[in-house]
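Structure first, commentary second.
Quick note: numbers below take in every heavy atom, side chains included, and nothing from hydrogens, waters or symmetry partners. Every number for a ligand or one of its atoms is a count from 1 in the order of the listing.
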Amino acid sequence: MTITDAREHLDDAARDWLDNVHGTGSGPTFEVLDPGTGRILAELSAATESDVNHAVEAARAAFEDGRWSERDADHREEVLLRLAQLVERDFELLVTIEALDTGKPRAEAWYDIKEVIGVLRYYAGWCTKATGTTIPAPRQYFAVTLRGPVGVCAAITPWNYPLPILMYKLAPALAFGNSFIAKPSELAPLSALHFVRLCAEAGVPDDVVTVLTGAGSTGAALAAHPGLDKIAFTGSTRTGRAIAHAAAERPTRVSLELGGKSPNIVFASADLEAAADGVALGIWTNAGQVCVAGSRLLVERSIHDRFVDLLAERTDAMVLGHSLDPEAQIGPMISAAQRTNAENVVASALDDGAVAVTGGRALAGPGFFLEPTMLTGLATDHPVSQEEIFGPVLVVDTFDTEREAVAKGNATAYGLAAGVWTGRAGQGQRMARGLSSGTVWINAYGVFHPTLPFGGTKASGYGRELGESAVEAYTEITTVVEDLSAGEGDDHD
Ligand code: NAD
């Protein structure tokens, strides 16, 4: 099904929504494109430095006067649960907006918005469960920790999972009483603009959640602002470095969720059909534009040809299409520039002797589509085997022993995620101990859940989101010590 103008396929609610969406800044406008057609979805105003200043001051005032930070925990829980209900009410609209804005098939966006609801409910539960402790200090003293909010938190987020990644930060920040400023990606800011309306409807007070629209300069102004207590960033390693530099000028907490070049490691003992399904899912989901994309396949040498055939069968059968095409399994890349970059990378690999077992070409016609491309014959240290491409490109490499699989698994600058496919008891757990990776999936890939801490090592960043880790990330503890000996001896019994 060829879609050249997504608007013709929208219901009235989604069309009205797009006609009435505005940016939140006073600066020049920028265009938000449908990557499936290259047409403009919306034009939004960008937030300037002065808009950023105003947002931080207002968030600070809201934090200081206690309109949210001093509300009872069970009140915050109620509001978060109401927010989850409102996302459920607007579910179809949010799925459509998210799919159109990112280009991903609607079926994938469906899971993303389900995940948003799950994360809100999970942190609603934490509002009343994050506690301080009583500490066994010397008996003369009574020592406890009090747990409170951090203050004004900012999030700068990427375009590939706009609302879920925002929610990993926003839900725990709200749960524990913080004020929050979001700067979504200029490439896919629309779902955040709807969500901020839902915050108001759910009863989040004014200026407690703010969305600033704009590109890198808006993000840079926010990251450099001295009035923030915390910055949570998800995006490329290059931008992460710039943000960490800006924040180092003052004592602001920073967490960085950055890029990856994650290995999917397949042993000959594995269930190869299941492994081929998992490896395909791990790289072709969201057209490979996933931080945890399993973009390096390490396969035991004895099964290399057979496994590559299994994967090629699955890859060749996949349908590329527009996000609103119900048959689509792989969407476009996010932008013309990103696609050109991926095409150049593939061309350089082919020049250096790689073989494209599948794909390799951009599709003619509207949208920024690139065929899912599987490359064999590249050395482990070739730049294409080392650098994040952030597109539908998989590099295949081999190994002979478990030790070599660990060494090759670790042989990039990144350490975000890894998959291990094995039929031997204990092998996956042994591999997990050797891999420098924030997450290791064994006979599975890409499993996310609100309960599971997520983050990277090495060039993939630091800090963890989700699960109990977010309690530390979005709260501050105060240690309170009282000398109990002061009144000793006053008792005249
Ligand atoms: P990006 O780094 O280009 O942009 C991310 C955000 O940073 C955007 O909001 C952008 O406007 C902003 N930004 C750009 N320059 C800035 C600057 N100088 N100062 C402050 N903010 C700035 O990343 P992207 O292309 O949107 O996303 C893709 C990248 O994100 C990939 O590298 C991917 O691996 C990574 N990612 C990581 C995770 C994770 O959890 N580890 C998840 C998703 C994506």
For E88, the salt bridge (charged side-chain N to carboxylate O under 4.0 Å, His left out) test, sequence neighbours excluded, returns R121
Taken in chain and number order and not counting sequence neighbours, the residues that satisfy salt bridge (charged side-chain N to carboxylate O under 4.0 Å, His left out) with D19 are R7
Could you tell me whether [X] atom [atom1] has more than 12 heavy atoms of other residues or ligands within 6.0 Å of it?
X	atom1	answer
R430	CZ	yes
E43	CD	yes
H54	NE2	no

Protein neighbours of ligand 1 with a heavy atom under 4.0 Å, given by chain and number, are I156, T157, P158, W159, N160, I165, K183, P184, S185, E186, A215, G216, G219, A220, F233, T234, G235, S236, T239, I243, E257, L258, G259, C291, E388, F390, L416, F454
Quick note, side-chain hydrogen bond (donor to acceptor under 3.5 Å, both in side chains) partners involving residues 100-109, not counting sequence neighbours, are E92-R106, T96-R106, K104-D112
